[in-house]
Structures are given as structure tokens and as C-alpha cells.
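Worksheet: one structure, shown below.
Lettering of chains follows the sequences in order, A, B, ..., and the numbering in each one begins at 1.
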There are 2 protein chains.
Amino acid sequence: MPKKTTIYDIAKALNITAATVSRALNDSPRVKKATKELILETAKQMNYEQNKLAQALKSGKSYNVGVIVPYINSNFFASVIRGIEEELYPKGYHVIICQTHDQENLEIENINSLLNAQVDGVLMSISNSNIETNPAFKNLVRKHVPLIFFDRKKDIKGVSSVTIDDFKGAYMATQHLIEQGCKRIAHLSNDQSLEIFQNRFLGYKQAILDNGFEFDCNLVVETTSKVESGSLSTKKLLSLNNPPDGIFASCDFSALGAIKEIKAHGLSIPDDISVIGFSNEPFSQFMELSITSIDQSPMEMGRIAANVFLDEVNSNGNVKSEKHIILAPELIERKSSIKELLLVD
Amino acid sequence: MPKKTTIYDIAKALNITAATVSRALNDSPRVKKATKELILETAKQMNYEQNKLAQALKSGKSYNVGVIVPYINSNFFASVIRGIEEELYPKGYHVIICQTHDQENLEIENINSLLNAQVDGVLMSISNSNIETNPAFKNLVRKHVPLIFFDRKKDIKGVSSVTIDDFKGAYMATQHLIEQGCKRIAHLSNDQSLEIFQNRFLGYKQAILDNGFEFDCNLVVETTSKVESGSLSTKKLLSLNNPPDGIFASCDFSALGAIKEIKAHGLSIPDDISVIGFSNEPFSQFMELSITSIDQSPMEMGRIAANVFLDEVNSNGNVKSEKHIILAPELIERKSSIKELLLVD
DNA sequence: CTGTTAGCGCCTTCAC
DNA sequence: GTGAAGGCGCTAACAG
């Protein structure tokens, strides 16, 4: 086991003090150029590498940032993470990724792990709707660890957030279906205790009302972010006396489930039923019957969240005003909802 | 900023020494039961939490393990990571995830970051085919940081690995196409400097030869793991004088590209051309035209890799024999390759 | 400009 | 059983 060389080793070799070595290594202006160069030189020769742990212990900073997401294997979250990484790596931060699998206990464990790792901040998209009552979470807040929500947020005092305008996205999606001629539009909703899903529901409802349609609560079915769940809910919708001719799903996965179910019933898309999803996952584009969806510019969301974090860290708790940044959604039209292809020209 | 309570605070409150507190907290047998309980009690009351950083500094262990993968947004890698997490979390380790985006420089940066974080081990699936010549990588080996390869491995002395039998998987895939009646089977290959892709190519070739077909190198086209690349290569194949009637893609993404391209040419799948992928990504199942693929049991791969790591750490460098564990692939038959649906019954 | 000293929070001999 | 003391590697305050 080759012992690691420390600044003391370098100091000894050069007959100076560790303090000077430390200063030189940190490029302090109070070191003679000659000695500095000498130190840097010998440091390299001796294969010196800074022990970040010791530095962290000393400074109280770890230069680690935790990112907690429900799943890492969705393009949306993976892209947000990518955006975060791109902003934070150049600043010397390292990104620790944790996934909750939408399980409350795992979310708690993750928070604890991150606290143990002494992270300098946490960027998260919550799964647990009762998060604020949890001890682990309270710890996070009590310790003044900068916390930023993205996408799945909760309104908590002092916590900044970056989201898209889910209400608007949902409104656009519903409006789009109406413009395609749909008269009875159903909504595959999701956990209403999470703001994003609540807003998607509200946007949907508003669009329905604004267009002079009647809001029918039988057309709103709760689902999860799973394909199977989308199928199941759609099955219910199709068994109604007066089934829908359009479906706005709160995520692409449930939209996929809906499509499978509709086909299984021998109905055609978009002619019998138009479908639109949310998130613009790549598969929605790959599908033979490509899925219309709402893009959430995840990379940008990640970048912005990272910068909000950096602002908080660098202001040392001075600028403690929370920020709430809301990005604009974008409608991506594809086959699952466009009926008038034949009418073109 | 509420200062964190340390073992000294507890010691002071109880009029004893920090040493005793430390011992009690670590459940040392050399502490009177009464004092131990008292200490534990007050620790809880004072909201004491161990500073892992200090402990890590002292012990030289960080209880952090790094996982490096090309991408996190593929189901395969996400599942391997999940498997790793499941084994390591209960042992007190935390998993730090890094992605390389198949870029050599990022792979290097990630290794350096992980070394800085003083990780106790690295589990990785390599992107950089020249990895062993790189300084960062040499560092890893020189420092005796346990290193385990999974899936994308390289034969390096002293480094254990967990993979599936790619040769066999490829052989099975090709054999399957032959059994479906394909006579001219093409292969969308991938970076041949990585063992897994080399083995997939070799398995394909062997199956071709074993069945009495002639190996035609014009039917082997290099691709990347991207959908577009699969389309592009397929375009080339379709423009041959004697185009293939079956395609074995080295990954599901290029298989998807192939399918898109084949359809764009107005050909039918599987009747004109059968297609089979590799990895059993969920979308291969979701597709309207579901894709036949090879399953790699990623969760299990992750679990095993984690356990190989644990063995290495716990043996303190004694048992320095490398392990090479090879899992069995499984053929998942779906629509993109099964022609005789009409013949059933 | 450089050295001295002390401490971040924890653990671990060595004594008693 | 418990206390005292030193050190993991680094940095920062205070001297000079």
C-alpha cells in the first residue's frame, strides 16, 4: 500500500513548512514565485494529490451536490441531470445522483445519505408528498443546506424551484386536441398532491371550460407514471357509455399505455381517439405511431437549477430570497393526435 | 447557523472525555453499560450526528463507491445501477453515479472526481478503449482502489469483471434468425475495440458458419449505440445488390433505427426482413412492432458486481485473485423476427 | 514572503 | 472502565 504523499512530505523534501506548501498549492499571492514553482514542480514529481476529505473537513464544504430524482431511466430526468452536471462540473462540484423509485422510505434514506456525505446542496424532484413533515427533510432545512426543487416541487418557505408552466402545457395540449376536433377529452391524471400533476389537471380543466365544453369528472382518471397504469385507466374510459374521443395523458408513459389499450380495442388513433402525452420522451418519437407530447426543455431546467444553487451557496445565506423560475412548455405535434393529414393542401 | 454538536459537546455535558463518547458510540465493549446508555441518550437529545468526513479522514475509508457508465438513461445501465444500490446500501455504502456520454475525456474526469472523493471502489462499464494507458486510470490501479468492470470490460490484470456471454447471446440471436428462414443475415456491429461488441460479432459469425452459410463481410456494418446510426447503416445495407433478409443489431437502439429505415423503404418486417436487437430495452417491447432482443439480466449483473467489490474490500487485498463472472443471455422473441404467426394452429 | 500554531471531528494507542 | 494525547491532511490566524 503506497502511502500517499502529503504536503508535509513536500515540505520536508524542500526544507520549508507545510503552510507554505499549502499556500503555493492554492496559488496564494503571498508566496515567492520561485518557491511556488519549485513546490509545484516537486509536488508533481512526488505524485502529490490533494486529499479532498481533509480539505472538506477543514472548510466544512464537500463540493458534493446531491441530486434526487424518482427515476434515472427516464429521458426527462436524465437530461435534467445532464444539465446540472454541465453547470456544476466546471465549478469544481461533483454530482451525486440518487433515485427514490417513487418510494418515500428511499427518499428519506437518500436525504440522510446525502447529509452524511456533507453535501453542499440538494437539488431534488420530490416523490413524497408529505416530505415536509419528515425528520430527515427537516434536518436538511434546519442545517441550512441549500435546497432547490425542480419539476416536482412543493411550496415550502425558503426553498427555490425551477419548473415548467405545467398549467399552460396542459392547456396547450387540451386546446390542441380540441382544435383537432375532439369533443370529449379525457385526462389521465396523476398524484394530485404533487403540484405538477395538479397543475396539469387544472390546465386541462380550464381549456375544457374556455372552449365551452362541459367538464365531466368521469373523464378524469387517476394513473401513475407506468405504462400498465395508463392501459388500465384507459380500459375504464373505453367502457363508459359515452367514451372519449381524445385523451390527454399526464405523462408519456401513461399515454403509451393508453395507445396500447385503444389498439387492443380495435379502435384507430387518431381517427377514433386522439392521444397526447407529456414530457416528450424519446420513445414518443420512435413509436411507429409517434406520440404528440409537451416538451419541458429538461437540459435547460437542469442548468437553471444548478445556477440557482450556485447563487445560494455563493451568497452565504445573505440573499435568502427564494426564486421560482418557470419555463415555457412546447407542443410537439405528432401522429397520435393529428387527424387532418389528408386535408393538407 | 446552528453549530453541529460533536462528541466533545456530549463529553462536556456529561463531564467525561470525548474518547469515552467515541467508544460508546461505536459500541465498544470497554464501556460500562450505564455510561454507554447515558451517552447514547444524551447524544440523541443533543441531536448528535456523526461527521462522516472526519471519520473518513481518520479511517481512510469514505464508504462511497463510484459507478461509471456511458449513459444513465438506458434501462440496461439504470437497472445495473439499481442492482448495485440494492446490495451496497444495506452495507452502509453510498453510490455515486457518473456518466461518460461515451466520451473519453469525461471518463477521465469522472475517474479523477471519484478519486478525489476518496471512493472505496469503482464499478465501471468502459467507453474508452484505450483506458489502460491513461494516467487517471493508472492512478486508480496504482492506488489499489478496487475496480470492477461490468458489461463493457477490458482484460486487465487484477481487475475483476461481470459480463454476460455476449458471444452466446449473439449466436442465439443469429441462430434464431436462421430458424426463421433468413438466408442473408446482416450485422450492425459496434466499436470492435470493446470486448462485448467484438464478442457479439464473433458469435454472429460463428452461427453463420455453423449453419453452412458463407460469411459475407459486406453484411457487417459498423454503427454506434444511436438510433440514427442504425438507420444510416441499414440504408447502406438496403442499397446492396443483394440486400439482407435479416438483421442482427448489436443493440436495441440501432435495431430501432434499422426498423425505421426498413419501413421508410416500404419493406415489411418481419416478412421481408427480420430484425433482432440486444439488451431488451423496455421500448423494444412497447413498440407497435415489438422487437425481438437478448436479455442481459442487468439487475443481477449489478448485484453480482457489488458483491465482487465487497469481497475485495473485505479481504484487504489478501484475496487478490481476479474473478470473471459470466451470466447467461436469454432470447426474448417478439414480432420483429417471428414470421410464422399465421401458421400457428 | 514564510514559519508557528492551532483546530476541523474523530479514533486509537497508551496509560492509569 | 476511563482519561490523556496525538494524529489523519489541510488551512488560517497571527507573527515576524
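Under the ring pair (Phe, Tyr, Trp, His ring centres under 6.0 Å) criterion, B/Phe309 pairs with B/Tyr93, not counting sequence neighbours.
Distance, B/Asp9 CG to C/dG7 P: 15 Å, rounded to whole Å. Between B/Asp27 atom CG and C/dC10 atom P the separation is 17 Å, expressed in whole Å. For the pair B/Lys33 NZ and D/dT2 C1', the interatomic distance rounds to 19 Å; values are reported in whole Å. Here the C1' atom of nucleotide D/dT2 and the NZ atom of B/Lys12 are 19 Å apart, to the nearest Å. Computed from coordinates, the B/Tyr63 OH to C/dC11 P distance equals 11 Å when rounded to whole Å. Distance, B/Leu57 CG to C/dC10 C1': 8 Å, rounded to whole Å. The CD atom of B/Gln118 sits 18 Å away from the P atom of C/dC10 (whole-angstrom rounding). In this structure, B/Ile39 atom CD1 and D/dG1 atom P are separated by 13 Å, rounded to whole Å.
Side chain of A/Asn134 to main chain of A/Ile131: no donor-acceptor pair is present (N/O by atom type, distance under 3.5 Å, no hydrogens or angles).
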Would you be so kind as to tabulate the donor-acceptor pairs closer than 3.5 Å made by side chains of residues 19-30 of chain B, with sequence neighbours excluded?
from    : atom 1 : to      : atom 2 : distance (Å)
B/Asn26 : ND2    : B/Ser22 : O      : 2.9
B/Asp27 : OD1    : B/Lys36 : NZ     : 3.2
B/Ser28 : OG     : B/Arg30 : N      : 3.1

Please set out all donor-acceptor pairs under 3.5 angstrom arising from side-chain atoms of residues 48-55 of chain A, sequence neighbours excluded.
from    : atom 1 : to       : atom 2 : distance (Å)
A/Glu49 : OE1    : B/Lys143 : NZ     : 3.1
A/Glu49 : OE2    : B/Asn139 : ND2    : 3.4
A/Asn51 : OD1    : A/Leu53  : N      : 2.8
A/Asn51 : OD1    : A/Ala54  : N      : 3.2

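Of the side-chain N and O atoms in B/Thr17, none sit less than 4.0 angstrom from OP1 or OP2 of D/dT2.
Distance check: B/Leu106 CG to B/Cys98 SG gives 10.0 Å after rounding to the nearest 0.5 Å. Interatomic distance, OG of A/Ser125 versus CD of A/Gln99, reported as 13.0 Å (0.5 Å rounding). Taking OG1 of B/Thr163 as the reference point, atom CD1 of B/Ile326 lies at 4.5 Å (rounded to 0.5 Å).
Note that the two end axes of the helix from C/dC1-D/dG16 to C/dC16-D/dG1 enclose an angle of 40°, each drawn from 5 base pairs, rounded to 10 degrees.
Within the nucleic acid shown, A/Ile16 comes within 4.0 Å of sugar-phosphate atoms alone, with no base atom in reach, counting heavy atoms only.
Between the side chains of A/Asn307 and A/Glu87, at least one donor N or O sits under 3.5 Å from an acceptor N or O.
Screening residues 68-83 of chain A for salt bridge (charged side-chain N to carboxylate O under 4.0 Å, His left out), with sequence neighbours left out, gives A/Arg82-A/Glu85, A/Arg82-A/Glu86.
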When you compare the protein's N or O atoms with those of nucleotides 10-12 of chain D, which come within less than 3.5 Å of each other, and at what distance?
from   : atom 1 : to      : atom 2 : distance (Å)
D/dC10 : OP1    : A/Tyr48 : OH     : 2.4
D/dC10 : OP1    : A/Asn51 : N      : 3.2
D/dC10 : OP2    : A/Ile7  : N      : 2.9
D/dC10 : N4     : A/Tyr8  : OH     : 2.8
D/dT11 : OP1    : A/Gln50 : NE2    : 3.2
D/dT11 : OP1    : A/Gln55 : NE2    : 3.2
D/dT11 : OP2    : A/Ser22 : OG     : 2.9
D/dT11 : OP2    : A/Asn26 : ND2    : 3.3
D/dT11 : O2     : A/Lys58 : NZ     : 3.2

